[in-house]
Amino acid sequence: MDNTAKRLLQRLVRRIPSQMLKTTLDKWSRLTAAQRQSMDYTESKWALTEKLLAICEENELTVKHIAELEMIHVIENPNLGMWYVFQLMDPQDDAHSVELTQFKEQFKSHLSELIRHVSIKIKKHTDEAVWIRIAWGDTFSRPNHLKPTYVVHYLQTPYVFLTSPTSKQKPLLSQALVLSTRYQAIKDANLSGRKLTAIRDLLMKQYLQVFPTKFPSPLAERNCVVSNLHIEKEQAGSAANRHQMACEAFGDGILPQLQSAVYKIQMLTQMLPCSLLMFHQLETKFRDHTNKTMTERDEPFKCVVKFASTNLLESLRHSASSGVASTPVTPLLSSVPLKGKNYFVITDNGPGPSSQMKPSQK
């Protein structure tokens, strides 16, 4: 084993929890049954690493074999890194007929033509996802297996999920993907997150959606104490109406665990969309006419508003359902599940009331 293989194995064993290491090694076909049984998983990580290094040396394993082990761990634990989504555009007539063998051959061929030193490993997962591990080199250096890029693509869909490549690698990867999938272009889908399963379920609508029904307009909120059955009935109807609208906007049941949504605002202060800010007390900091710093500026106002939660869609649904946020839900928030995005650029689309402002497609 060379130094790169040793370093990759050491880092990988440190990353994998001890209780998961046995299962991961069992799925790796590079150790004999006797070698797997000789591992004592109650030992320290240092002792486990030294034992595994000795076995791999004995088996004359290379960095490509260790990369297979890393790939098994990443596929089994897809929610450990930051994933970015790209969307393939303008499919050719035969795009929907591309199958795995054809895709593998085309992708490896195209990427190898674009960059001299590159290591590519492709594996199909049980959920039909095609996983690609790319170790990048360049004209003069060998592939760096310590900083690989992972790509996930479901054949016959236009979506590609990947860990962040560098600005130099992205055009090469994009071109290889476009050519091997029979599309004509690829663009940033403005969706990212640390949970691959969450952003996949959001894009592919793999959660319970609620479609609009005929409901009366929401009743005005009252702070009075419930004193009779008629008022109680009205308030129950209002709560049910809010819940229906919240579910129509964000879905019902268990929702994809999206963790954030970012709104980048670039417009004149007078045109700021009130509906972007969920709470009135935050809104008034921008809309107060005595605030000359804000109201007397000639240049466009720029800021970033970020909503973050362990489950953003669940939080937004609860805010609307409970009455903390107004209903019907503003398009600035309902666009997250509707458009499958969590990054929006809000710009001045022309004169008109702030309620007409919508997230741009940028």
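What's counted below: heavy atoms across the whole structure, side chains too, no hydrogens, waters or symmetry copies.
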*Asks:* Going by side chain to side chain contact (heavy atoms under 4.5 Å, CB included), name the residues that satisfy it together with A47, two or more places apart in sequence or in a different chain.
*Replies:* E43, S44
*Asks:* Nearest 0.5 Å, what's the CZ-CD1 distance between R30 and I55?
*Replies:* 15.0 Å
*Asks:* How would you list all residue pairs meeting salt bridge (Lys or Arg N to Asp or Glu O under 4.0 Å) that involve residues 50-66, not counting sequence neighbours?
*Replies:* K6-E57
*Asks:* Less than 4.5 Å apart, side chain to side chain, heavy atoms only: is that true for F250 and P337?
*Replies:* yes
*Asks:* Look at the side-chain heavy atoms of Ile, Leu, Val, Met, Phe, Trp and Tyr, link any pair under 4.5 Å apart, and say whether I16 and M39 land in one connected group.
*Replies:* yes
*Asks:* Quick one: do the S141 and D138 side chains pair a donor with an acceptor below 3.5 Å?
*Replies:* yes
*Asks:* Quick check: do K168 and W136 have side-chain heavy atoms less than 4.5 Å from each other?
*Replies:* no
*Asks:* Which residue in the set N59, I66, L8 passes side chain to side chain contact (heavy atoms under 4.5 Å, CB included) when paired with M1?
*Replies:* I66
*Asks:* Do V85 and V151 sit in one hydrophobic cluster, given that two such residues count as connected whenever their side-chain heavy atoms are within less than 4.5 Å of each other, even indirectly?
*Replies:* no
*Asks:* Among residues two or more places apart or on two chains, list those pairs meeting ring pair (Phe, Tyr, Trp, His ring centres under 6.0 Å) that have a residue in residues 51-108.
*Replies:* W83-W131, F103-F107, F103-H153
*Asks:* Ignoring hydrogens and geometry, is there a side-chain-to-backbone donor-acceptor pair from S321 to R317 under 3.5 Å?
*Replies:* no
*Asks:* Counting only heavy atoms not in D93 (residues, nucleotides, ligands), do more than 12 fall under 6.0 Å from its CG?
*Replies:* no
*Asks:* When you compare the side chains of D40 and T42, does any donor N or O come within less than 3.5 Å of an acceptor on the partner?
*Replies:* yes
*Asks:* Report whether Y150 and I115 are members of the same hydrophobic cluster (ILVMFWY, side-chain heavy atoms less than 4.5 Å apart, transitive linking).
*Replies:* no
*Asks:* Are M71 and L111 linked, directly or through intermediate hydrophobic residues, by side-chain heavy-atom contacts shorter than 4.5 Å (ILVMFWY only)?
*Replies:* no
*Asks:* Check whether any side-chain heavy atom of R182 lies under 4.5 Å from a side-chain heavy atom of Q102, and answer yes or no.
*Replies:* yes
*Asks:* Among the clusters formed by ILVMFWY side chains lying less than 4.5 Å apart, do V336 and I199 turn up in the same one?
*Replies:* yes
*Asks:* Below 4.5 Å, heavy atoms only, C-beta onward: do L25 and L52 meet side chain to side chain?
*Replies:* yes
